[in-house]
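Notes follow once the structure below has been shown.
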Amino acid sequence: MVKLTLKDGSVREAEQGMSAAEIIKGIGMGLYKAACCVKIDGKVCDLRTVINNDCNFEVMTFDSDEGKKAFRHTASHILAQAVKRLYPEAKLAIGPAIEDGFYYDFDLGKSFTPDDLAKIEAEMKKIVKEDIPLKQYGLPVDEAVAKLEAMGEPYKVELCKEHADKGEDISFYEQGDFTDLCAGPHLMSTGAVKAFKLTACTGAYWRGDSKGKQLCRVYGTAFPKASEMEAHLKALEEAKLRDHNKIGRELEYFTTVDYIGQGLPILLPKGAKVVQILQRWVEDTEAKRGCQLTKTPFMAKRELYKISGHWDHYLDGMFVLGDPNDEEKECFALRPMTCPFQYQVFLNRQRSYRDLPMRLTETSTLFRNEDSGEMHGLIRVRQFTISEGHYILRPEQLEEEFKGCLELAKYCLETVGLLEDCTFRFSQWDPANPKNKYEGTPEQWEIAQATMKKILDHLGIDYTIGIDEAAFYGPKLDIQYKNVFGKEDTLVTIQIDMLLAQRFGMEYIDTDGTKKNPYIIHRTSLGCYERTLAYLLEKYAGALPLWMSPEQVRILPVTDRAKEYAENIKQKLDDMDIRVTVDNRNEKIGYKIRQAQLEKVPYFFIVGDKEVEEGTVSLRSRKDGDLGASTLDAVVDKIMKEIVTKAK
RNA sequence: GCUGCUUUAGCUCAGCUGGCAGAGCACUUCCUUGGUAAGGAAGAGGUCGACAGUUCGAAUCUGUUAAGCAGCUCCA
């Protein structure tokens, strides 16, 4: 007998050699039906795992991440089985579970159409109904390769060969007429996948290599219950209603024009106003923290970028004015970053250790020639403006200044309300340096990354590690944000750079009279304003907090008799720098209210004969509706308090 | 850049197998001065993204191209 310690601490005995599935059946059929996989001594295992020793034994259902993964991975096998039944010529690539679903990549020389997906779904339903048991077995590498070759699965052969040197058997899962190379874990049978839906069909490169073969990827999602899936799909639909690319255009924050070009949005008055408000606030905030504002050119001769390394690393990503290959003639490029421009501020005269830290900031417009398929609303654009900064430091100032940058970024994100949804990524280099992307020696990288790790751990930052996500000159702390489609981008970045100072000949005279290269922190405090605006529109579904609303108050006269009164109030609010308009149109009050509400104006003042007579205003908020009549002073007081505290 | 989808009035969308270009909202004018989410009437508005091709005839079929969307790849 073996002793199993369950999650609740209770101990259960079982015969040696029983499978986890059999043991769970013994605990209860209900649990067995819900079980997706098990954790044995903390390790995720298949339900078919045979238990030979005492262990901690945790049953993982769909409620756990591990259970979801096993469940949806099985759904991806059902998808592959259906595809193989309908399209026997399709070659299998990979098919993992992902967040909220699964996908499978196929090579069939064409792409599936929506009609095809419907057929595949119908076939999947049959497979679920057939309730086919899954069997797992292992084969030695050479037998596995032979089997996969016989099956005519070249991609699987390639994957299998990569496992050859691990000295382990190759694991297969078989369900009826379908067999797949797979490490598992999986459900016991196809019948458990009660609810699923194929959601999309797109291209995807084999092994993520854009020079390699492009495969056809089918995305889907799966749940144990139809009701759960319906709720999930509904939530996705609702999230899309917040898409900044939709509401940002509808609410007239921005637009695009095809003959201006991709990735070059026009900020309409409302969008421009919000960006101006954020910029002024960020610049003031930075100034209070010892930053100095610079204003540097939007372009420079190729020579500058040659020194910085950008010419070698990112020429394709730059907008070049002139022939980059004609060394005889002058050639300019629009700036894709601010670093080498701001360094000239430091280089303006000889510097002493007393000048450091030198915190240079700039509201900086950048130009990057993104690939045509990359643009997305205000999130990925070709011209954008960031709250850029470069802190030039003595090495011993690094930790303190890094901390300051992080605090500033967190303060900015917290104030606008985005911090709670951010995640932190420690972006490191790949020592293999696959595309010759990284400059500097392994020792320099070791030092930079060890320093950043120490700082992050010291600050108790909860981060993930992104290998091969670093800048070419150093590691980054990236603050990531997800859009309504779940796609993640960098909102704020703080980078340690121990290389570029040397390239630009930046030196300071230290206390001992010797010349030294400073360290540099590249950082943003609120990131890129276009991107931030996009996330704010999504976060607040267009109803931006009062302090950053482009129009804070709209005065709605009930009749023409109240027009003059409305104009007087407007004047008073103007004097207090409250952004206010009057809706003087000859429309009924209900109509004006409806429109102001749809435009998500935070507050409206309704003024009619009653208010004129009593010298009051009737307040209505977009959030709480009719708030009744008060004196103008009382209403303004309430609004000013909300503005000053930057309430969300 | 790659795969797939999309593009008809300012916006949201109809328009069947090729045969005279449509609706709602918005806009303009007039009437209406109305109290917390749409008052009424009339009017104007389109080279069907662009360019080629097939056809007696193209919004509709084919090709090229631009822009938009999702995904992949990339992202200093």
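Protein chains get the first letters and strands the later ones, always in sequence-line order, with residue 1 at the start of each.
Remark: the separation of the C1' atoms in rU8(B) and rG45(B) is 14 Å, to the nearest Å. For rU3(B) and rU73(B), the P atoms lie 15 Å apart once the distance is rounded to whole Å. With P as the reference atom, rC5(B) and rC11(B) are 24 Å apart, rounded to whole Å. Here the separation of rC25(B) from rG39(B), taken at their P atoms, is 11 Å to the nearest Å. Using atom P as the reference point in both rC51(B) and rU60(B), the two lie 12 Å apart (nearest Å).
Within the 4.0 angstrom heavy-atom criterion, no nucleotide atom of any strand lies near Phe112(A). If you check every strand for non-hydrogen atoms under 4.0 Å, Ile606(A) touches a base. Nucleic acid contact class of Gln262(A) (heavy atoms, under 4.0 Å, all strands): sugar-phosphate only.
The separation between Asp105(A) atom CG and rC72(B) atom C1' is 9 Å, rounded to whole Å. When the C1' atom of rC11(B) is taken as reference, atom CG of Leu268(A) falls 14 Å away, rounded to whole Å. One can place CZ of Arg594(A) at 19 Å from P of rG35(B), the figure rounded to the nearest angstrom. When rounded to the nearest whole Å, the span between CD of Glu99(A) and C1' of rG71(B) equals 16 Å. One atom, CZ of Arg585(A), and another, C1' of rU28(B), lie 14 Å apart when rounded to the nearest Å. Straight-line distance from the OH atom of Tyr219(A) to the P atom of rC5(B): 17 Å, rounded to whole Å.
Note on Tyr591(A): a side-chain N or O is less than 4.0 Å away from OP1 or OP2 of rA26(B).
In this structure, the nucleotide among rG34(B), rG4(B), rA76(B) sitting nearest to the side chain of Met318(A) is rA76(B). Picking from rC74(B), rA37(B), rG34(B) the nucleotide with the shortest atom distance to the side chain of Lys487(A) gives rC74(B).
Side-chain to base pairing of Gln597(A) with rU36(B): no donor and acceptor N or O lie closer than 3.5 Å to each other. For Arg207(A) against rC72(B), a side-chain-to-base donor-acceptor contact under 3.5 Å is absent. Evaluation of atom-type donor-acceptor distances gives no pair under 3.5 Å for the side chain of Arg368(A) against the base of rC75(B). At a cut-off of 3.5 angstrom, the base of rG35(B) holds at least one donor-acceptor pair with the side chain of Glu611(A). For Tyr259(A) against rG49(B), a side-chain-to-base donor-acceptor contact under 3.5 Å is absent.
A salt bridge links Arg585(A) with Asp583(A); the closest basic N to acidic carboxylate O contact falls under 4.0 Å.
Considering only residues two or more places apart in sequence or on other chains, Arg359(A) meets the salt bridge (Lys or Arg N to Asp or Glu O under 4.0 Å) condition with Glu401(A).
For the pair Ser618(A) and Leu215(A), nearest-nucleotide mapping onto RNA chain B gives the more 5' position to Leu215(A).
Stacking annotation: Tyr314(A) is stacked on the base of rA76(B) (ring centroids less than 5.5 angstrom apart, interplanar angle below 30 degrees).
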Would you write the dot-bracket representation of RNA chain B, where each base gets (, ), [, ], | or . depending on whether it forms a Watson-Crick or G-U pair under 3.5 Å and with which partner?
-> (((((((..((((.....[..)))).(((((.......))))).....(((((..]....))))))))))))....
